[in-house]
Amino acid sequence: MAATLEKDDVVAMLRHVSERLIAQVDILTDADLAIGDGDHGIGMQRGFEGTLESFDATPPENIEAAFKAMGTAILSKTGGAAGAIFGTLFRAGSKVTAGKETIGGADIAAFLETGLEAVLKRGGVTEGQKTIIDGLAPAARAARAKEAEGADAVLSAAADAAVAGVEATKGMVATTGKARSLGERSLGHPDPGAISVSLILKAMQDFAARA
Amino acid sequence: MAATLEKDDVVAMLRHVSERLIAQVDILTDADLAIGDGDHGIGMQRGFEGTLESFDATPPENIEAAFKAMGTAILSKTGGAAGAIFGTLFRAGSKVTAGKETIGGADIAAFLETGLEAVLKRGGVTEGQKTIIDGLAPAARAARAKEAEGADAVLSAAADAAVAGVEATKGMVATTGKARSLGERSLGHPDPGAISVSLILKAMQDFAARA
Amino acid sequence: MAKAAKKIINDPKKVVAEMLDGLVLANDGRIARVPGHAAIVRTDLPESKVAVLIGGGSGHEPLFHGFVGRNMGDGAACGQVFAAPSPDIIVAAAKAVHRGKGVLFLYGNYAGDTMNFDMAAELLEDEDIEVRTVRIADDVAAAPPERKYDRRGIAGDLLMIKIAGGAASELETLDDVVRVVEKAGDNVRSIGVAVSAGSIPETGKPTFELADDEIEIGMGAHGEAGVSRQKLLPADAVADQLMDKILNDLPFQSGDEVALLINNLGATTMMEMLIVNRRIRQILDERGIKVHRTDVGTWLTVQEMAGFSVTLMKLDDELKRYLDMPAESLGYSRM
Amino acid sequence: MAKAAKKIINDPKKVVAEMLDGLVLANDGRIARVPGHAAIVRTDLPESKVAVLIGGGSGHEPLFHGFVGRNMGDGAACGQVFAAPSPDIIVAAAKAVHRGKGVLFLYGNYAGDTMNFDMAAELLEDEDIEVRTVRIADDVAAAPPERKYDRRGIAGDLLMIKIAGGAASELETLDDVVRVVEKAGDNVRSIGVAVSAGSIPETGKPTFELADDEIEIGMGAHGEAGVSRQKLLPADAVADQLMDKILNDLPFQSGDEVALLINNLGATTMMEMLIVNRRIRQILDERGIKVHRTDVGTWLTVQEMAGFSVTLMKLDDELKRYLDMPAESLGYSRM
Ligand SMILES: Nc1ncnc2c1ncn2[C@@H]1O[C@H](COP(=O)(O)OP(=O)(O)O)[C@@H](O)[C@H]1O
Ligand SMILES: Nc1ncnc2c1ncn2[C@@H]1O[C@H](COP(=O)(O)OP(=O)(O)O)[C@@H](O)[C@H]1O
Ligand SMILES: [Mg+2]
Ligand SMILES: [Mg+2]
Ligand SMILES: [Mg+2]
Ligand SMILES: [Mg+2]
């Protein structure tokens, strides 16, 4: 149970996230097949494989560099909507960790909020349109609510909120992205991008709980 | 049981042939699917429908005209190898009936022989190459052997010989037409064109037996 | 559930990289790879011209990267299968095509493409390279007319690229080129029909499911839902439905001249498309709409998907001029 | 057993007639129907030239009737699906294209085509119209080299028509055109690979059966048997096998220049063909064989069959000249 994370923890956590997500791509593929074009799984896989390669090639010098390297790898390797969105999330979010040797609950909340803000700007959508935002926004709020309790608790709250957010997307009609044209037919299906958010946060939570 | 056929009999017989063959096109389709391109059934159907239309539009004035009209319809409507071959058979064969008010066994034998000769010239193949010839050549020989016995007996002998000829094609390796490239793989399958010969003669035989 | 398609490929993860190698070679020297990037550029690019950069996800070959050539795109940024290219690819491609007169970004209107191309445009602006964007949004099935900005780009892409390529060969400024291409965009309408699904090489899974006796009118180029799923219909009835949607969307009038494009989504036969063309021309004749130019072929595919789309672009003299310019590329060439 | 394909057609018995109507319309006035016949002719045919008549069974669109146009075929005689046209169609087409300098009959070497075109040639000779015949026989899988006359014609058709069209635009006599086209025929080699079957619209039945994990090397354009049926292989291994068959058939030598053509039999993706092209070029590079010109596209189809073929034609300066002439037709156009 880690209330704060050092650079090595963060790198190890992001490695864990990458490996876990790579192992779970089929969930994302199937979710995207249902309401999108079926490439979300392989796209995220490319991004996370790219992250691991980047960490191997250039071990991050600090926490900010670790988050940013992940964002850069996703941005350039994932492509599509998810590449732009998750790339922006990690790259923008990384800035709040600039100069920090350790990060705690408040930092994680700030990371999610700053990332969210950048993603909202990039994608031009709001909550309720059945996107990544519907996993990310509740997660950021839950994190802020627990900011005093340490990284592990914050990640746990954020992950739970994201999972609930995914659940909520089932009841939303998509009004952006490839699922938009489905209209009512998108009802009942969770949003693939939101699922990715929840899996990423869940992997972080599990890492922090063990660390 | 008709030993000789008059013009009206011949026209009625060729109508019967056309109708019977149209009803049996699936046999030809399947045979051509096995060792060719699968169009022999619909090709013969076009030719026989064309024959019926031609008879309706211009009732043949004599026996020669009836056979020739059938050949012309097949030649122009069937297309492909079968159109050229069956068209040539009926058009060339028709010549032996020129000026005849009735035809008997010897005429039918001559019809088959003359048609066969023209077809051999047109197609450039010999017996044993797994073609129409392997139905037609035995039929012509059997017809000549019975020439003294009247149209019905001659057609019966010719049809039986054609059926045996079809059976024999199963043991032949195709060396011409679309089945050629199958080589040994054509073994066991009867030749679609030879089947058509046997069905045509069988229909003639049945007509003559009832006439 | 349909079976995964049999494909003649090597490593499924390398399809885009190997496809690009093969594409460059197939152009017999007329295009080159942008070093280190999934991007290509014409080798015979004139020294001073407005540049046209096209691009998008792969898997729709010959679109987009097959449309780079004389009087077509000057370069292309290539994403992975069905995934927009990342900003770094787009930036590299834009720099490779830029000849001092600015770059037109011309691509299909999808969230992924928009975000990645926009990020690239911002990076290029930092380096003082002028970029203007036209997003192709021709699919009338994707959104009602009042939300045209929400429509996705489908086979109208070809006509748009053709016009952009022509305009950028003749016109002096990026503004002028943008004006012509935007006019073309205002006047182009498409709609497709899906008969059976394609699949992504890496997953092997069909992108959607249709019953054996069903078709879907209006389905998008990645299997996005259309306007109606229905029983298989005769060609004339399908053509009637498609034309109805198109002709009701833009006020085409008697006396109008149009470009007509019938695009094979992959596995449909040209025989079917020509039979459909016959009916389309009957409908246009009845309306007094004259066809200036017809293209029937395979331009925007969705892997081995079966189905086709119909595109009409209303023409004026200026659009005709650029559309009719000779053009040459691996995927589209016409004198 | 594979299911019958879903096709967007009207009456299955009318596919050829309706397709031809749609084809003429799609040519925007450049070709016309020969009245009363399943045949087409260029409307802009020069007053005095050697005529090139192409043709064969339908169902392979754009081949043959899509290849009528400037510097391509002057007219085409169209049979029903997979069935050679009858002599009366061929005679009518030949008369429509004849401009006093004789007619070249150029078609694929199949028994049905040979018999019907020969009958037509005999009828035309009776009317003092000079006819010469070149049968295309490029498929190395169909027979060993010593029985080249037994080989069938596949996608090499396109290069042959291209050369015939070019030669007939420039050369004065039928003899000269025949000489060039025969030389092209001596120098062209193709082989295909089948991945899944197409079907005839009227029967709805697939023309052959292949297991889900099988391909067949050397299969013909109507599903005629090839040289080996085997498990699905990576693209490079398939390319190796195809090239091996071609390169061992004609003594291609280091320093030779060739035209390379990769033809989609219907439902194969261009992505796959480009991946194969990459490997083909590696093989040719190793052998020192230079590619003068590449075409990758959909030229000879077998309805919705999946698979492709590779064609090499060894070139000299004369063949290059005619192959490189600009040509325009609905199915093939290149500057
Ligand atoms: N404008 C947007 N803002 C935020 N997220 C978006 C936007 N558009 C799409 N998404 C997210 O992207 C996900 C799809 O990602 P992916 O499949 O990788 O991209 P693509 O749609 O390009 O195939 C969707 O499930 C949705 O969550
Ligand atoms: N050269 C030939 N001489 C005689 N019969 C032939 C010849 N070539 C093919 N055939 C016959 O034609 C039949 C096929 O007819 P069909 O399917 O209508 O033509 P195609 O081969 O053009 O598809 C074969 O079964 C064979 O009997
Ligand atoms: Mg997707
Ligand atoms: Mg046949
Ligand atoms: Mg995508
Ligand atoms: Mg046939």
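Both backbone and side-chain heavy atoms feed into the values below; hydrogens, waters and symmetry mates do not. What you see is a predicted model, and the numbers here were worked out from it, not measured in a lab.
Distance check, rounded to the nearest 0.5 Å: CG of C:L63 to CE of D:M270 gives 11.0 Å. Here D:I8 contributes atom CD1 and C:E272 contributes atom CD; the two are 6.5 Å apart, rounded to the nearest 0.5 Å. For the atom pair C:I9 CD1 and D:L274 CG, the distance stands at 13.5 Å (nearest 0.5 Å).
Interface residue C:R70: only side-chain heavy atoms are found under 4.5 Å from chain D. For a residue to count as touching a neighbouring chain, one of its non-hydrogen atoms must lie under 4.5 Å from one of that chain's; by this rule C:V276 touches chain D with the side chain only.
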key: Trace of the side chain to side chain contact (heavy atoms under 4.5 Å, CB included) decision for D:D21 with C:I275   = CA-CA 8 Å; D:D21 286 347; C:I275 290 171; over 6 Å; no

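Contact count against chain D (heavy-atom pairs under 4.5 Å) is highest for C:N10 among C:T269, C:N10, C:N277. Of the residues considered (D:M273, D:H292, D:K7), D:K7 shows the highest number of contacts with chain C, using heavy-atom pairs under 4.5 Å. Ranked by heavy-atom pairs under 4.5 Å with chain C, the first of D:G266, D:P62, D:G297 is D:P62.
The two residues D:E214 and C:K6 come nearest to each other via the heavy atoms O-NZ, 2.5 Å.
In this structure, the side chain of C:D28 engages the main chain of D:T294 through a donor-acceptor pair within 3.5 Å. Side-chain atoms of D:R281 come within 3.5 Å of backbone N or O of C:L25 as a donor-acceptor pair.
Two residues are said to be in side-chain contact when any heavy atoms from C-beta on lie closer than 4.5 Å; D:M271 and C:V15 meet this criterion.
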